[in-house]
2 protein chains.
Amino acid sequence: MSDLTEERSGTLSEAMERGHLFAEACPSRDVLKHLTSRWGLLVMIALLSGTHRFSELRRKINGVSERMLSQSLQWLEEDGMIDRVSYPVVPPHVEYSLTPMGREAAEKVRALADWIEVSMPRIDAVWAEKRRKAD
Amino acid sequence: MSDLTEERSGTLSEAMERGHLFAEACPSRDVLKHLTSRWGLLVMIALLSGTHRFSELRRKINGVSERMLSQSLQWLEEDGMIDRVSYPVVPPHVEYSLTPMGREAAEKVRALADWIEVSMPRIDAVWAEKRRKAD
DNA sequence: CTGTATCCCCTCCGATACTG
DNA sequence: CAGTATCGGAGGGGATACAG
């Protein structure tokens, strides 16, 4: 066996039979999907720095289309991760922010994203090594 | 976790312009995709408890097809997350385990998955409340 | 036991155009 | 400014059959 993490408190992932994620048609799959989706992940991380308007998110998240930004925001709002506040003015003014629960999720998501960022050099090295062997 | 990463050195996710994940066509997107894919995530979590054979993973991860398990394992192996050791015997015997780097990634992934598991009751409550209002 | 090969559906996601 | 509607491509992923 390995470290304590599993034996002491790792009853969640360890007990796969009981975990929702290992069940086939489970709503937790959808939540995970929204959080880790192409744009959902970036939305969550972006909102960690505070409330944003739609257009602010659009500018900040380079490459996202209006369609997908809107879609991602709706998913995450339905999951209770994001608060959407619309001010009935002209022109429209809508603000998005993380709920307390959303902030917790966003921090987990960011931990994963940050790990990948800092680990990319190592991963690149793996790829380079494989290419070298392939020759 | 949850420590200094945010306030002190939170320049990673904060500096979106510079982060790989915010670039459009970046290999780090692929790594993230593999780690959070439907089955890749479950493979990583399963391997946290130690080395597994192909058929062991297949049994443990309920619902995965041979095709997708094989595919997911190959992706993660190419990314340097998984070690594949094949013993040339009859019948074939292949063992999969996490690399040191893979273990780091798996722990981040598990942290997110576990958070979702324990938070599902809260998320369900959100959905229930929305349905109540919809009436 | 450990996979590959083939077929095919389905959903994500981008592009474009339109609305309040 | 903040979206929605529609079309269409690409690829993830399942079912089945086959192979080493």
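Chain letters run A, B, ... following the sequence lines, proteins first and then strands; every chain starts at 1. Keep in mind it's a predicted model, so treat the numbers as computed, not measured.
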Task: Closest nucleotide among dG14(D), dA17(C), dC1(C) to the Met68(B) side chain - done: dG14(D)
Task: Rounded interatomic separation in angstrom, taking CD from Glu77(B) and C1' from dG3(C) - done: 13 Å
TODO: Please evaluate the base of dT16(D) for a donor-acceptor partner in the side chain of Arg67(B) within a cut-off of under 3.5 Å?
DONE: no
Task: Whole-Å gap separating P (dT4(C)) and CZ (Arg58(B)) - done: 14 Å
Open item on the list: The side chain of Pro92(A) is closest to which nucleotide in this list: dG20(C), dC13(C), dG13(D)?
Closed with: dG20(C)
Task: Nearest-angstrom distance from the residue atom CZ of Phe54(A) to P of dT4(D) - done: 8 Å
- [ ] Report the residue (Trp75(B) or Ser55(A)) whose heavy-atom-nearest nucleotide on DNA chain D is the more 5′ of the two.
- [x] Ser55(A)
TODO: Mind telling me whether His34(A) and Trp75(A) have parallel, tilted or perpendicular rings, with 30° and 60° as the class edges?
DONE: parallel
Open item on the list: I want to verify a distance call: between dG13(D), dA15(C), dA2(D), whose nearest atom is closest to the Arg84(A) side chain?
Closed with: dA2(D)
- [ ] May I ask you to say whether Arg132(A) pairs ionically with Glu129(A), meaning some side-chain N is under 4.0 Å from a carboxylate O?
- [x] yes
Task: Closest to the Pro91(B) side chain, choosing from dC1(C), dG3(D), dG14(D) - done: dC1(C)
- [ ] Taking only the side-chain nitrogens and oxygens of Arg38(A), find out if one of them lies under 4.0 Å from OP1 or OP2 of dC12(C).
- [x] no
Open item on the list: Please confirm whether the shortest side-chain N or O distance from Ser65(B) to OP1 or OP2 of dG13(D) is below 4.0 Å.
Closed with: no
TODO: May I ask you to evaluate whether Tyr96(A) reaches the phosphate of dC1(D), defined as a side-chain N or O under 4.0 Å from OP1 or OP2?
DONE: no
Open item on the list: One thing to verify: whether Arg122(A) and Glu104(B) come together as a salt bridge, which I'm taking to mean a side-chain N less than 4.0 angstrom from a carboxylate O.
Closed with: yes
Task: Any donor-acceptor pair under 3.5 Å from Thr51(A) side chain to Glu95(A) backbone - done: no
TODO: Check the distance between dG12(D)'s P and Arg29(A)'s CZ and give it to me in whole angstrom.
DONE: 15 Å
Task: Shortest non-hydrogen contact between Met120(A) and Trp127(A), atoms and distance - done: CE-CZ3, 4.0 Å
Task: Length of the line joining Leu69(B):CG and dG13(D):P, which is rounded to integer Å - done: 13 Å
Open item on the list: Nearest heavy atom decides the nucleotide; on that basis, is Glu95(B) or Glu66(A) closer to the 5' end of DNA chain C?
Closed with: Glu95(B)
Open item on the list: Can you measure Leu41(A) atom CG to dC12(C) atom C1' for me and round it to whole angstrom units?
Closed with: 16 Å
Task: Given dC1(C), dT4(D), dA17(D), the nucleotide with the shortest approach to the side chain of Gln74(A) - done: dT4(D)
Task: Closest non-hydrogen atom pair between Leu32(B) and Leu112(A), with its separation - done: CD1-CD2, 3.9 Å
TODO: Please state how far atom CG in Leu42(A) lies from atom C1' in dC13(C), giving the value in whole angstrom units.
DONE: 14 Å
Open item on the list: At less than 4.0 Å, is any side-chain N or O atom of Trp39(B) found next to OP1 or OP2 of dG12(D)? Yes or no.
Closed with: no
Task: Gln71(A) CD to dT6(D) P, straight-line distance once rounded to whole Å - done: 15 Å
Task: Distance below 4.0 Å between Ser86(B) side-chain N/O and dT2(C) OP1 or OP2 - done: no
Open item on the list: Check this one for me: any side-chain N or O of Ser37(A) less than 4.0 Å away from OP1 or OP2 of dC12(C)?
Closed with: no
